[in-house]
Protein chains: 2
Amino acid sequence: MYTQSDNNHSGSRNLGRLIMQLRRLERQPHSFGTAGPLTPSEIHTVEAIGFEGGVLMSELAGRLGITKGAVTQLIARLEAKELVTRSPHPNDSRAIVISLTETGREANAAHEEVHRRFYDQLRSQLSEQEIEIFERCIEKLNVFLQQ
Amino acid sequence: MYTQSDNNHSGSRNLGRLIMQLRRLERQPHSFGTAGPLTPSEIHTVEAIGFEGGVLMSELAGRLGITKGAVTQLIARLEAKELVTRSPHPNDSRAIVISLTETGREANAAHEEVHRRFYDQLRSQLSEQEIEIFERCIEKLNVFLQQ
DNA sequence: GCATTTAGTATAGTTCCTAAACTTAATGGT
DNA sequence: ACCATTAAGTTTAGGAACTATACTAAATGC
């Protein structure tokens with residue numbers, strides 16, 4: 001028999017352990033598609049650009065929650081690895097439009113596939129109702145963390 | 001009406017967004033207790049040492065999932081900030097026993113309190129059953145990420 | 001037209017980590 | 001008792017991933 005407080009602590013501890021595991025994962029580079037090994041920041045940037053592409057540098061900074069300067073550095077690395085292309089904006093000559101190359105789109109697809117498989121694996125062990133509740137909890141967490 | 005595949009994608013996207021938010025959080029220093037601002041790595045190290053203390057450097061490396069060299073550097077910073085103390089091991093003169101100082105224990109308590117409050121806030125918006133399911137999901141995620 | 005805002009870059013510095021080469025101490029045969 | 005091996009911790013060089021600050025150049029708004 002658990003008390004309210006026991007539950008509380010073990011739940012909080014598990015969440016802490018999850019964060020520790022994510023910190024560990026978010027340090028190791030991985031290969032996606034035909035591109036070489038990509039650091040977590042690099043693949044997240046590719047993810048934030050997306051298949052459609054046509055993203056501005058400052059928009060990317062907003063999506064990733066980092067400064068414009070950091071984006072400049074990341075895009076420079078990704079351009080050197082030939083995963084993204086810079087092109088001038090048609091109306092605003094200050095702006096730069098970022099898009100994925102074919103290799104970049106491959107990497108993005110491979111990364112999405114990893115996520116999808118991971119999520120499927122989780123879903124396979126849960127009932128419809130449990131999945132629904134879990135996703136609602138994740139949404140609530142997102143709202144809490146937004147501020 | 002959702003299809004299975006729609007659900008899947010939105011769930012996976014929400015999880016991705018959560019990770020993005022955690023990445024952002026895990027960059028900003030915060031103050032805990034009477035200690036000055038602590039970086040995420042520093043407070044996680046304090047957390048890993050714990051109230052009881054008496055942890056070896058290599059044990060700490062294992063708990064945090066980082067190398068011994070990284071721990072040496074972290075502990076040096078925390079010692080300078082007077083949050084931890086090094087003391088010789090009674091039986092093994094190679095080993096060093098790490099413990100929290102009073103300030104370190106205060107910081108740890110304040111950090112735990114933040115976690116507890118955050119978790120309470122989440123719990124207040126969920127039913128008993130939802131909490132139970134959510135915690136089970138977190139545990140499953142931990143198992144998946146373990147490998 | 002001129003001040004202000006906005007897009008992006010450059011650069012220096014910090015944090016946080018790894019890898020590799022070390023020192024020193026313990027341990028396990030032989 | 002001796003020596004190889006293992007284990008605990010440190011050191012150093014370097015890379016990744018940021019921030020902050022100061023900048024250039026183009027757009028916008030009175």
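All chains are named by letter (A, B, ...) in the order of the sequence lines, taking the proteins before the strands, and each is independently numbered beginning at 1.
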How about B:Arg86: does its CZ atom have over 12 heavy atoms from other parts shown lying under 6.0 Å from it?
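For B:Arg86, atom CZ is crowded (more than 12 foreign heavy atoms under 6.0 Å).
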Figure out the [atom1]/[atom2] separation between [X] and [N], and round it to whole Å.
X: A:Lys68; N: C:dT6; atom1: NZ; atom2: P; answer: 10 Å
X: B:Met57; N: C:dT24; atom1: CE; atom2: C1'; answer: 15 Å
X: B:Ile75; N: C:dC16; atom1: CD1; atom2: C1'; answer: 14 Å
X: B:Ile66; N: C:dT15; atom1: CD1; atom2: C1'; answer: 12 Å
X: A:Met20; N: C:dC16; atom1: CE; atom2: C1'; answer: 15 Å
X: A:Ile98; N: C:dA7; atom1: CD1; atom2: P; answer: 14 Å
X: A:Leu22; N: C:dC16; atom1: CG; atom2: C1'; answer: 17 Å
X: A:Glu26; N: C:dT18; atom1: CD; atom2: P; answer: 14 Å

For the residue pair A:Phe118 and B:Phe144, does the interplanar ring angle fall in the parallel (under 30°), tilted (30 to 60°) or perpendicular (over 60°) class?
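It falls in the perpendicular class, over 60°.
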Check step by step if side chain to side chain contact (heavy atoms under 4.5 Å, CB included) holds for A:Leu141 and B:Phe134.
CA-CA 11 Å; A:Leu141 277 177; B:Phe134 176 66; 3.8 Å; yes
Counting the atoms with a prime plus P, OP1 and OP2 as sugar-phosphate, which does [X] contact under 4.0 Å by heavy atoms, base, sugar-phosphate, or nothing?
X: A:Thr72; result: base
X: B:Thr67; result: base
X: A:Ala95; result: sugar-phosphate

Yes or no on side chain to side chain contact (heavy atoms under 4.5 Å, CB included) for A:Leu38 and A:Leu83, after CA distance, side-chain angles and deciding distance?
CA-CA 10 Å; A:Leu38 299 178; A:Leu83 290 166; 3.4 Å; yes
Contact nearer the 5' end of DNA chain D, comparing A:Ala70 with B:Gly69
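Whichever sits nearer the 5' end wins; that is B:Gly69.
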According to a 4.5 Å side-chain heavy-atom criterion applied to Ile, Leu, Val, Met, Phe, Trp and Tyr, with indirect links allowed, do A:Leu126 and B:Ile138 form part of one hydrophobic cluster?
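They do share one cluster, since a chain of ILVMFWY contacts under 4.5 Å joins A:Leu126 to B:Ile138.
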May I ask whether B:Ile96 and B:Val46 are part of the same hydrophobic cluster, defined by side-chain heavy atoms of I, L, V, M, F, W, Y residues being less than 4.5 angstrom apart, directly or through others?
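Yes, same cluster.
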Using the side-chain heavy atoms of A:Leu56, tell me which of these nucleotides is nearest: C:dG8, C:dC17, C:dT15.
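The answer is C:dG8.
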Side chain of B:Leu74, heavy atoms from C-beta onward: which of C:dA7, C:dC17, C:dT18 has the nearest atom to it?
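Nearest to the side chain of B:Leu74 among the choices is C:dC17.
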Enumerate the protein-to-nucleotides 26-28 of chain C contacts in which both atoms are nitrogen or oxygen and the separation is below 3.5 Å.
from   : atom 1 : to      : atom 2 : distance (Å)
C:dA26 : OP1    : B:Ser93 : N      : 3.0
C:dA26 : OP1    : B:Ser93 : OG     : 2.8

Let's test your reading of the model: under 3.5 Å, does the base of C:dT15 pair with the side chain of B:Gln73 as donor and acceptor?
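Side chain to base: no pair below 3.5 Å.
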According to a strict under-4.0 Å criterion, is A:Arg27 in side-chain N/O contact with OP1 or OP2 of C:dT18?
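So the side chain of A:Arg27 is within the cut-off, an N or O lying under 4.0 Å from OP1 or OP2 of C:dT18.
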Applying side chain to side chain contact (heavy atoms under 4.5 Å, CB included) to B:Asn14 and A:Glu139, what does each step give before you reach the verdict?
CA-CA 7 Å; B:Asn14 275 333; A:Glu139 268 188 53; 3.5 Å; yes
Which one of A:Gln125, A:Arg136, A:Arg123 satisfies the side chain to side chain contact (heavy atoms under 4.5 Å, CB included) criterion with A:Ile131?
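The passing option is A:Arg123.
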Let's go through B:His30 and B:His111 carefully: what are the C-alpha distance in whole Å and the side-chain angles of both, what is the deciding distance for side chain to side chain contact (heavy atoms under 4.5 Å, CB included) to 0.1 Å, and is it a yes or a no?
CA-CA 9 Å; B:His30 288 285; B:His111 180 233; over 6 Å; no
With heavy atoms of chain B within less than 4.0 Å as the criterion, where does contact along DNA chain D begin and end?
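Footprint of chain B along DNA chain D, 5' to 3': D:dA7 to D:dT19.
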Separation of B:Ile66 CD1 from B:Thr45 OG1 (nearest 0.5 Å):
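These two atoms lie 6.0 Å from each other.
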